[in-house]
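Here the structure comes first, spelled out in structure tokens, and everything after it is commentary.
Starting from 1, each residue takes its place in the sequence as its number. Both counts, for ligands and for their atoms, begin at 1 and track the order of listing.
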Amino acid sequence: MPGFELIGEDERRQVQEVLDSGVLMRYGFDGARNGQWKCRELEQRLAARFGARYAHVCSSGTAALSTALAACGVGAGDEVILPPFTFVADLETVLLAGAVPVFAEIDQTLCLDPQSVQKAITPKTRAVLVVHMCGAMAQIDALEDLCRRHHLTLIEDAAQAAGATFQGRTLGTFGKAGCLSFDYVKTITCGEGGALLSDDEETFRLAQAFTDHGHDHLGADRGADQHPHIGTNYRLSELHAAVGVAQLARLDHILDLQRRHKAILKEGLAALGRLEFRTLPDPAGDSATFLSFLLPTENEARQAAKALAAAGVDGCFYWFDNNWHYHRKWDHIKTLVSPGRLPIDRFGYGTNLTKVALPQSDAIMSRTISMLIKLRWTPEQVRDRLARMKSALA
Ligand SMILES: *Cc1c(COP(=O)(O)O)cnc(C)c1O
């Protein structure tokens, strides 16, 4: 997953171009900037590479999620269905939008189970927030179809799945809005950054205004812009965008390395006969940032995680106990502990997050281990890793 393994001369040259112009902000200063528009360039390249009509970059993946919710009209009291295996950002942004998170179960794709989503729909449901976890896709066709039938807005969090596809279509382009992250540990990084993808002109228009205090960006002079609605500052700087331009150019190479390393490890582990792998609705579209496998029982998964660590196999995650990615350790969120009172706490909206029970998700995640696929492994290191894993898991 980490593009930081490949930061080099191209990133340096891109940043130097911005520093040479002296204009570090994405808007205005047209005369001084010497033709450098790195945020715009990154947006054009993202739209072309991902196959979206519009791309808008912003300061983080979390900012992209907040922007997507706002641009899709999600607000106070609206219910948003989302998975319990995700990143805390998805919960945070829903709560801070004043909306109500409603969990549905995941299935063995490690992403939302369409049947469980259907059961979670109420008259207050406004959107379904699909999170493509650990490099690969949810059953996005079924979820897209479900949202269409129920007139719900589909939003995609593809922060962990940059470049992954389903039947040739890039993840992040199925929903009304799709979110990417370029934080330091993502597939491509610019230190901190994110992007919103959309084919919908109105969503894009609202998004680009929302991330810049509601500026409509219609005139040549930003200072004279109208402000049709409230926004905030989620702008990306030109310095960050410059790194992003260089990293995006590396995406195909990164995907190729990940896929080659993962294929060797997966084939070798399959021979053990003891593991199941995460279900991939379209294996060819997997970005291969992680290899995720399931042991027969929770007990065996816990033992396997310990054995892998003891064998020096780094980069393995037992998510069931993880406090960033799985709901079981989110007490501060479930009890709505916040510096200031949240709308859901003030108004209730009939939801009690402490009562959430997700037996199907627990049964899957308690058996799942994911291993991060690195880019700079040598062929010998991949072989050595496979040998250690096989003996640890035998
Ligand atoms: C990283 C991540 C985010 C947030 O992105 P940031 O750029 O770190 O704010 C959101 N969702 C998922 C699934 C992530 O992995």
Side-chain angles (χ1 to χ4, degrees), residues 1-4 39 42 46 55-70 80-97 101 103-104 106 109-112 127-138 140 143 154-164 171-172 174-175 177-197 207 210-211 232-237 240-241 243-244 247-248 258 278 286-290 292 315 317 319 322-327 329-330 333 361 365 368 370 372-373:
M1 179 142 94
F4 70 69
C39 285
L42 180 56
L46 279 169
H56 178 67
V57 294
C58 55
S59 53
S60 69
T62 306
L65 285 166
S66 280
T67 303
L69 291 165
V80 178
I81 298 173
L82 79 182
F85 179 45
T86 173
F87 178 55
V88 279
D90 297 81
L91 269 290
E92 292 163 346
T93 52
V94 168
L95 288 169
L96 291 171
F103 288 109
I106 58 161
T109 63
L110 308 186
C111 303
L112 278 176
V128 176
L129 178 49
V130 182
V131 188
H132 301 290
M133 284 300 281
C134 302
M137 72 292 302
I140 192 65
L143 291 162
L154 177 66
I155 300 173
E156 288 175 276
D157 177 348
Q160 293 196 8
L171 302 187
F174 288 80
C179 301
L180 299 172
S181 163
F182 311 130
D183 82 20
Y184 189 56
V185 296
K186 294 304 201 284
T187 306
I188 53 175
T189 181
C190 58
E192 300 285 358
L196 178 143
L197 305 173
F210 185 76
T211 56
T232 183
N233 176 8
Y234 289 151
R235 292 188 306 263
L236 191 68
S237 85
H240 290 88
V243 179
Q247 283 270 300
L248 181 59
Q258 288 175 167
R278 163 199 193 162
D286 179 14
S287 73
T289 58
F290 282 93
S292 298
F317 297 88
W319 306 115
N322 184 289
N323 65 2
W324 291 113
H325 291 288
Y326 197 59
H327 80 97
K329 298 283 162 99
W330 291 343
I333 289 176
S361 303
M365 293 314 296
T368 300
S370 300
L372 186 65
I373 304 295

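Annotation: side chain of Phe182 is in contact with side chain of Leu46 (closest heavy-atom distance under 4.5 Å).
Close contacts between ligand 1 and Ser60 involve ligand atoms 7 (O), 9 (O) [criterion: under 4.0 Å to a heavy atom]. Against a heavy-atom cut-off of under 4.0 Å, Asp90 is close to the following atoms of ligand 1: 11 (N). With ligand atoms numbered from 1 in the order given, ligand 1 contributes 1 (C), 6 (P), 7 (O), 8 (O) to contacts under 4.0 Å with heavy atoms of Asp183. Close approach of ligand 1 to Val131 (heavy-atom distance below 4.0 Å) involves ligand atoms 13 (C). For ligand 1, the atoms sitting less than 4.0 Å from at least one non-hydrogen atom of Ala159 are 2 (C), 3 (C), 10 (C), 11 (N), 12 (C), 14 (C), numbered in the order shown with element in parentheses.
Remark: distances from the non-hydrogen atoms of His132 to ligand 1 are all 4.0 Å or more. Ligand 1 lies within reach of Gly193, whose nearest heavy atom is under 4.0 Å from it.
Remark: the backbone N or O of Ala138 is paired with a side-chain donor or acceptor of His132 at under 3.5 angstrom. Formation of a donor-acceptor pair under 3.5 Å by the Thr189 side chain with backbone atoms of Asp183 is found in this model. With Glu156 contributing its side chain and Gly172 its backbone, the two residues share a donor-acceptor pair below 3.5 Å.
Checked against a 3.5 angstrom limit, the closest N/O atoms of Gln160 and ligand 1 fall inside it. Taking only nitrogen or oxygen atoms, main chain and side chain alike, Gly61 reaches within less than 3.5 Å of ligand 1.
The aromatic rings of Phe317 and Phe290 lie perpendicular to each other, with more than 60° between the two planes, well past the 30° mark. Between Phe87 and Trp324, the ring-plane angle classifies as tilted under the 30° and 60° cut-offs. Taking the six-membered ring where tryptophan is involved, the planes of Trp330 and His327 are perpendicular, since the angle between them exceeds 60° and thus also 30°.
A donor-acceptor contact closer than 3.5 angstrom is absent between the side chains of Thr368 and Trp319.
The proximity of Glu192 to ligand 1, defined as any non-hydrogen pair under 4.0 Å, does not occur for either the backbone or the side chain. Contacts between Thr62 and ligand 1, counted as non-hydrogen atom pairs separated by less than 4.0 Å, involve both the backbone and the side chain.
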